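Below is one structure, written out as structure tokens; the observations come after it.
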Amino acid sequence: MKSDIILAGVGGQGILSIAASIGMAALENNLEVKQAEVHGMSQRGGAVQSNMRISSRSIASDLIPRGEADLIISVEPMESLRYLPWLSGQGWLITNINPFINIPDYPDLDSLKETIKDVPNHLFLDADAIASDLGSKKVSNMVVLGAATPYIDIPYKSFEDGIRKIFGRKGEEIVRLNLEALRIGRDLAEADGN
Amino acid sequence: MLLGDEAIARGALDAGMSGIYAYPGTPSTEITEYVQSLGLKDRVHSEWSANEKTAMESALGMSYAGKRSMVCMKHVGLNVAADPFMNSAITGVNGGMVIAVADDPSMHSSQNEQDSRYFGKFAMIPVLEPSNQQEAYDMTYEAFDLSERYSIPVMIRITTRLAHSRSGVERRDIKPQNKLKTPENPTQFILLPGMARKSYKKLVEIQPDLERESADSPFNSLEGGEDTSLGIIVAGLAYNYLLESFEEFKVPHPVLKISQYPLPVKLIADLYSRSDEILVIEEGYPLIEESLNGVLGREKKIHGRLDGTLPRVGELNPDIVRQAFGAAGYEGLKVPGLVRDRPPALCKGCSHSDVYYALNQAMAAYGNGRVFSDIGCYTLGALPPYNAIDTCVDMGASITMAKGAADAGLIPSVCVIGDSTFIHSGMTGLLDAVRENSPITVIISDNSTTAMTGGQESHAEGRLESICIGLGVPADHIRMLNPLKKHQADNVRILEEEVAHKGISVVIAERDCVHRLRKKRQQKKSNSNT
């Protein structure tokens with residue numbers, strides 16, 4: 001199996017927790033993983049991405065070549081589009097629809113939605129609303145990850161195990177919240193696929 | 001899963017390192033942070049240093065005492081540490097000493113993209129350039145042995161992409177730390193001319209040995225490949241992009257992978273003799289390509305960054321390298337036109353922004369072009385909506401450039417520097433200005449942390465005022481202000497008074513970084529819960 005994933009968002013939005021959860025799930029299945037992150041200046045509210053490569057064979061480049069990503073997972077709608085040149089023809093774009101507006105010329109949200117709809121395989125969801133209903137806006141990134149899990153060839157249970165490992169030290173309640181967020185995201189994606 | 005940076009730290013620890021010295025700088029910061037995260041305080045020194053020069057010297061001191069030491073920095077940090085760096089090659093080491101330098105091609109978080117391999121060549125020391133996380137671990141582990149074998153510091157050179165990419169790493173046996181032991185030769189570390197000439201001669205004499213080490217190194221390999229119409233020399237991380245350019249990673253041409261310097265001349269000559277043309281793929285400057293070309297060029301064509309086969313500037317990636325092998329440019333999806341740039345910005349509630357709003361108002365009467373600044377989060381004051389600063393050159397340059405401009409007659413000149421940068425390289429410049437009572441105002445925007453690199457402790461904490469008094473700034477021209485919107489009128493007045501003063505003045509604007517404050521509150525909360 002091979003899964004090349006671009007994670008997108010704005011510095012501070014928590015894409016690295018998504019990356020860590022996927023990484024943990026991949027390792028549990030004895031897969032090779034490479035995960036390039038952005039540290040430094042861009043973390044101050046700038047556009048950030050992480051290139052995540054998972055494979056049952058060895059991986060050379062830390063960076064995904066253009067046109068070869070199987071998935072773009074984004075926690076912000078405009079950021080989801082920034083990496084389109086990396087998405088393969090069959091690839092999926094999965095994004096939270098809540099904009100993070102910290103620039104004066106942020107585009108109109110309806111136009112953004114229309115543009116996302118032009119991507120052949122896309123799914124957008126209101127992860128913030130779902131997370132708020134669960135009681136913590138912080139878990140919206142796990143809703144997005146949940147919606148992406150059907151498109152990554154790793155058993156769903158491994159994602160749950162990964163989350164338990166990563167959030168375990170923060171307490172049972174945090175683990176439960178994140179697992180619930182993951183489940184709802186997953187269900188939404190499966191409903192969308194049917 | 002370890003970052004490349006973390007793999008270096010792990011390799012050093014497993015090789016028996018007794019201490020690590022560094023000043024934070026992207027993309028090198030996580031090497032030291034990893035060691036700090038393990039809580040080895042009793043066994044391994046890992047406190048931050050004031051700057052890269054003090055770090056390098058402390059590491060050399062630890063090596064003098066017989067222990068294995070490491071010093072880490074970003075590429076431009078090596079400029080700061082250049083003096084002890086160059087001389088440590090002459091003194092040599094006692095305990096093994098490894099210098100880890102992280103370059104930043106494409107300048108993701110830097111002022112330039114200088115290539116530290118040149119510094120390694122300049123100092124005539126071995127340089128190791130890993131291509132992946134496992135090699136970062138293995139090379140660091142072995143670098144200490146190499147260092148002790150030839151009594152010479154060894155450089156590990158990585159770039160941003162490896163520094164900040166994770167993968168699995170297999171560890172080796174953990175070695176015990178060295179025992180305390182001063183150098184056998186009592187004059188080894190005395191660089192008086194007579195002794196330095198001998199030491200330098202020895203450094204020159206071991207160069208053929210270092211080259212032989214490179215030729216025999218398992219990190220350098222010349223692999224077959226039947227299509228000799230092209231021979232490929234590939235260095236460090238670029239090796240991955242080369243593999244990525246061919247199905248099943250099968251490169252049809254002979255490939256010389258170089259990860260240890262000085263250059264393995266024998267292997268290069270071997271590749272050259274059996275290939276019609278040569279392509280050099282290296283991350284950074286065209287160091288190898290230039291060496292091959294020499295001054296007069298060669299009979300056979302050498303391709304690389306100099307002849308345009310690869311771009312002369314910027315970071316490599318799999319697409320660029322594929323195009324060097326004739327792949328067509330990518331013609332898939334494009335970035336939609338409505339996507340806007342999203343540059344980094346000062347955080348909501350950041351104290352620097354209140355400093356800039358007040359400063360802009362205080363300086364309005366004098367017009368633009370008088371505010372010198374420095375390296376840190378506050379450099380973002382160059383962007384809208386602030387547009388508050390006119391320079392950003394190197395650590396500490398704000399104070400000294402403001403002084404030079406005032407010397408030239410640009411009065412008043414003002415500078416903005418952070419607390420950590422002030423400690424790193426600002427204090428000595430302030431002393432210059434104090435001695436001449438230069439008509440400049442030094443604003444220390446003190447958020448009590450090294451914020452840009454993730455909030456490391458600042459040596460300045462609680463000391464800024466006493467340092468300024470100690471350096472001789474008149475006490476009545478050291479002013480404190482509280483950078484909050486509600487105090488803006490007071491802050492503008494204080495700044496106006498000091499900018500108008502015809503001598504040296506310092507304004508300390510102190511308020512915690514918002515991230516640091518949040519961390520402090522969380523800690524307080526968790527402490528009160530337990």
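Each chain gets a letter, A, B and so on, in the order the sequences are listed, and its residues count up from 1. Computed from a predicted model, the values in this text were never measured in an experiment.
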Centre of A:Y156's six-membered ring, under 6.0 Å away, within 45 degrees of the axis: is that where NZ or CZ of A:R183 sits? yes
Side chain / backbone / both / neither for A:E114 at chain B, heavy atoms under 4.5 Å: neither
Proximal component of A:L112, with respect to chain B [non-hydrogen, under 4.5 Å]: both
Which bit of A:N102 comes within less than 4.5 Å of chain B, counting heavy atoms only: side chain, backbone, both or neither? both
Checking B:D103 against B:T159: is there a side-chain donor and acceptor pair closer than 3.5 Å? no
So, A:K2 and A:E32, do they make that salt bridge, N to O below 4.0 Å? no
Interface moiety of A:T115 toward chain B, non-hydrogen atoms closer than 4.5 Å: side chain
Is B:T26 close to chain A through its backbone or its side chain, or both, or neither, when contacts mean heavy atoms under 4.5 Å? side chain
Is it the side chain or the backbone of A:V119 that comes within 4.5 Å of chain B heavy atoms, both, or neither? neither
Given a strict heavy-atom distance threshold of 4.5 Å, which part of A:S58 is in contact with chain B: side chain, backbone, both, or neither? both
Which portion of B:L3 sits near chain A, non-hydrogen atoms under 4.5 angstrom: side chain
So, the part of B:C350 with a heavy atom under 4.5 Å from chain A: the answer is neither
With a 4.5 angstrom heavy-atom cut-off, which part of A:I103 approaches chain B: side chain, backbone, both or neither? side chain
